[in-house]
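What you are looking at is a predicted structure, and each value in this text was computed from that prediction instead of being measured. By convention in this document, chain letters (A, B, ...) are assigned in the order of the sequence lines, proteins followed by strands, and residues within each chain are numbered from 1.
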There are 2 protein chains.
Amino acid sequence: MSCGRAEELVRALPDRWRTRQRIAVLHVLAECQDFVSAQQLHALMGADGIRVGLTTVYRVLRELEAYGQADVVRDGTGERLYRPRPADGHRHYLICRSCSRSRPVDSEAVEAWAGQVAEATGFAAVEHTVELTGICAGCRPATPGGHEEGSSCR
Amino acid sequence: MSCGRAEELVRALPDRWRTRQRIAVLHVLAECQDFVSAQQLHALMGADGIRVGLTTVYRVLRELEAYGQADVVRDGTGERLYRPRPADGHRHYLICRSCSRSRPVDSEAVEAWAGQVAEATGFAAVEHTVELTGICAGCRPATPGGHEEGSSCR
DNA sequence: GTCCGTGCAAATCTTTTGCAAGGTT
DNA sequence: AACCTTGCAAAAGATTTGCACGGAC
């Protein structure tokens, strides 16, 4: 089952990189369209009858990250979750704490802010990690009286 | 050695919470004035002749986090680092990847942005995690290699 | 006596590493 | 033959848990 994004991912990588295992991981990852852990991915592949070592899955994911083709977040337990990065660049996501579904959010404001902080502090090579979590409309229990809107910090 | 902040931390917690071990952890943490891991804290205490179980250090740190008295970040390896939270509320930090020193940064813009995203998406109880890392002015000369300005995303 | 905090040892869990086997060029 | 990639098993490492001991009330 090929998904457009999978082909794009493959094309974005060096020729010599393409091996049966790596391409297989890419395809399954692209089908997910959401954050998955190495373990989940490995399990998914096993269920599909694709036999690839767990070690290899970890390796591919790390390489993808290094090539800038995947976004990474850490869940509450510190587990790494990967998601193919949209073709047009890096993104930040809003993840539902209930159903775990994620959606990219407009983050220009944060990018700009990070740049300003870098300038104001004299720090070089400033990198940022931003993660948003919440309860999506679908998961919310019919919004009773108490409607804790807004945002708080974890 | 008592530091004002340590006393504040103690006062912010329930009466029954105060035990020799917990207070000891609080004091050492307050002296740090920067991010430390449970293991580091435990080692520091040992060096000071304060004998407390590693398990207890972990427990205290988690409780502090739950009480909103400490900020937490995860370093590159996923290790949890704690820092006493300033009395006036939660903060975000800019951490030097070279010397590991951290400094709180002005983050109103991010708070506002998170609020807007929450409103625009219909997500409830939105929480955010923001971490900035870079190379501070002091470390820059000592760091060979590229001197890429500006900010990029990890 | 009861309750709760402690701390040791053992368990957990994810991710990494050592290393030999199998392909490719 | 030289070079890579794989994948199994073992290692590493941080954090948590089981459980018995001991102090506080």
How far does [atom1] of [X] sit from [atom2] of [Y], to the nearest 0.5 angstrom?
| X | Y | atom1 | atom2 | answer |
| --- | --- | --- | --- | --- |
| R103(B) | L132(B) | CZ | CG | 11.0 Å |
| H27(B) | R22(B) | NE2 | CZ | 15.5 Å |
| H90(B) | R85(B) | NE2 | CZ | 7.0 Å |

Exercise. Is R59(B) touching bases, backbone alone, or none of the nucleic acid, heavy atoms closer than 4.0 Å?
Worked result: base
Exercise. Base, sugar-phosphate, or nothing: which does R22(B) touch, judged by heavy atoms less than 4.0 Å apart?
Worked result: sugar-phosphate
Below 3.5 Å between N/O atoms, which protein atoms pair up with nucleotides 14-16 of chain C? Just atom names and distances, please.
unit_1	atom_1	unit_2	atom_2	d
dT15(C)	OP1	R80(A)	N	2.8
dT15(C)	OP2	Y58(A)	OH	2.7

For this session: Mind telling me whether H92(B) and H128(B) have parallel, tilted or perpendicular rings, with 30° and 60° as the class edges?
Result: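 Correct class here is tilted.
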Problem set entry | Heavy-atom side-chain proximity of V52(B) to R20(B) below 4.5 angstrom |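 Counting from C-beta outward, V52(B) and R20(B) do come under 4.5 Å.
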Problem set entry | Non-hydrogen side-chain atoms of S37(A) and Y82(A) separated by less than 4.5 Å | no
Exercise. Does one hydrophobic cluster hold both W113(B) and Y93(A), with members joined at side-chain heavy-atom distances below 4.5 Å?
Worked result: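 Unlinked, W113(B) and Y93(A) end up in two clusters.
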Problem set entry | Interatomic distance where CZ belongs to R16(A) and P belongs to dT25(C) [whole Å] |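 Whole-Å distance recorded here is 10 Å.
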Exercise. How many Å lie between CG on L13(B) and C1' on dG5(C), as a whole number?
Worked result: 15 Å
Exercise. Y58(B): which other cluster members, linking ILVMFWY side chains closer than 4.5 Å, directly or transitively?
Worked result: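 Members alongside Y58(B): L54(B).
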Exercise. Where does the chain B footprint on DNA chain D start and end, counting 5' to 3' with a 4.0 Å heavy-atom cut-off?
Worked result: dA14(D) to dT17(D)
